[in-house]
Visitor: 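Structure in structure tokens, see below.
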Amino acid sequence: MYNNPLPPNTPDSEQQLYQRALALAGYTMKELAEAAGLPIPENLKRDKGWVGMLLEHYLGACAGSKAEQDFPHLGVELKTIPVNAQGKPLETTFVCVAPLIGNIGITWENSYLRKKLRRVLWVPVEGERNKPLAQRRVGTALLWSPDNHEEQQLRRDWEELMDLIVLGKVESITARHGEILQIRPKAANSRALTEAIGEFGQPITTLPRGFYLKKEFTATLLSKHFKI
DNA sequence: TCATGATCATAT
DNA sequence: ATATGATCATGA
């Protein structure tokens, strides 16, 4: 197998990527889909990742890549985020799967979640369900890295949640754990199972989980940047 | 009304 | 089943 080749149109610097993202502001999904020659679904019920894939296309992300970020050569992760008319997030943000086994030697410093969030290109897109997908517009993109405070919040939550996983308490974790990070199911359906550690240290089978950023956190980071 | 738990599509 | 991309939809 070949390694993931970079797309021919991938940006070769962070600034170029950012400028390209800024240039999308104001366009509707219909305009972008038509210009790209892509069919646009009526809604996202059966195409939940459609907006993300469309933006990946425009920004030259490595589609289908198994690399650690969308732009591995730049170390940047792309996140589209659905927002309301006031720019507030309508959904939590999926970051990555929570590892339920094989966590010996895993620390915050070398964690996959930290790596994913080191540098994020946030692209807000109107996402209110009463607005037809075709009419939804792209907002102003934001390049972000966690500041010291944000990093400490992330670290505390990650360590608390990972402790529970390692101690066999994964099935007692709810979305209410964590200040800014939460763990929720991330699966095709409730019958998809994966291996984890049970309350007596024995192997169990449970729903795959993912780390998500809570809405209040992403709302704050977006507003911080756009405030005056 | 809204967050939690559940789910959808596709590629490998 | 796991990874990518996330949003849906129902109970509180």
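Please read all numbers here as calculations on a predicted model, not as lab measurements. Letters A, B, ... are given to chains in the order of the sequence lines, protein chains preceding strands, and every chain is numbered from 1.
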Visitor: Establish, with yes or no, whether the OP1 or OP2 oxygen of B:dG5 is under 4.0 angstrom from a side-chain nitrogen or oxygen of A:Arg209.
Guide: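 It does not, given that no N or O in the side chain of A:Arg209 lies less than 4.0 Å from OP1 or OP2 of B:dG5.
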Visitor: Take atom CD of A:Glu68 and atom P of C:dA3, then tell me their distance rounded to the nearest Å.
Guide: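 To the nearest whole Å, that distance equals 11 Å.
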Visitor: What is the distance, rounded to the nearest whole Å, between atom CD1 of A:Ile173 and atom P of B:dT4?
Guide: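 It works out to 14 Å between those atoms.
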Visitor: For nucleotides 5-12 of chain C, just jot down a letter per nucleotide in 5' to 3' order: B, S or -, based on protein non-hydrogen atoms under 4.0 Å.
Guide: BBBBB---
Visitor: Could you check A:Asn43 against A:Leu133 for side chain to side chain contact (heavy atoms under 4.5 Å, CB included), going step by step and ending with a plain yes or no?
Guide: CA-CA 6 Å; A:Asn43 57 59; A:Leu133 176 60; 5.8 Å; no
Visitor: With a 4.5 Å limit on heavy-atom distance, are the side chains of A:Tyr112 and A:Glu68 in contact?
Guide: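 A side-chain contact exists here, since the closest heavy-atom pair is under 4.5 Å.
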Visitor: What is the nucleic acid contact for A:Leu207, judged by heavy atoms within less than 4.0 Å: base, sugar-phosphate only, or nothing?
Guide: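 Since only primed, P, OP1 and OP2 atoms lie under 4.0 Å of A:Leu207, the category is sugar-phosphate.
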Visitor: Whole Å only: how far is the CG atom of A:Leu161 from the P atom of B:dT4?
Guide: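 Computing the A:Leu161:CG to B:dT4:P distance gives 13 Å.
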Visitor: Is any side-chain heavy atom of A:Arg114 closer than 4.5 Å to a side-chain heavy atom of A:Glu151?
Guide: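 Side-chain contact under 4.5 Å: yes.
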Visitor: Answer yes or no: is there an ion pair linking A:Lys224 with A:Glu150, defined by an N-O contact shorter than 4.0 Å?
Guide: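 Between A:Glu150 and A:Lys224 there is a salt bridge, with a charged N closer than 4.0 Å to a carboxylate O.
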Visitor: Begin from the C-alpha positions of A:Leu181 and A:Leu113 and carry the test side chain to side chain contact (heavy atoms under 4.5 Å, CB included) through to its verdict.
Guide: CA-CA 11 Å; A:Leu181 204 58; A:Leu113 182 134; 4.0 Å; yes
Visitor: Testing A:Glu216, A:Arg184, A:Lys214, A:Lys215 one by one against A:Thr92 for a side-chain hydrogen bond (donor to acceptor under 3.5 Å, both in side chains), which residue passes?
Guide: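 That would be A:Arg184.
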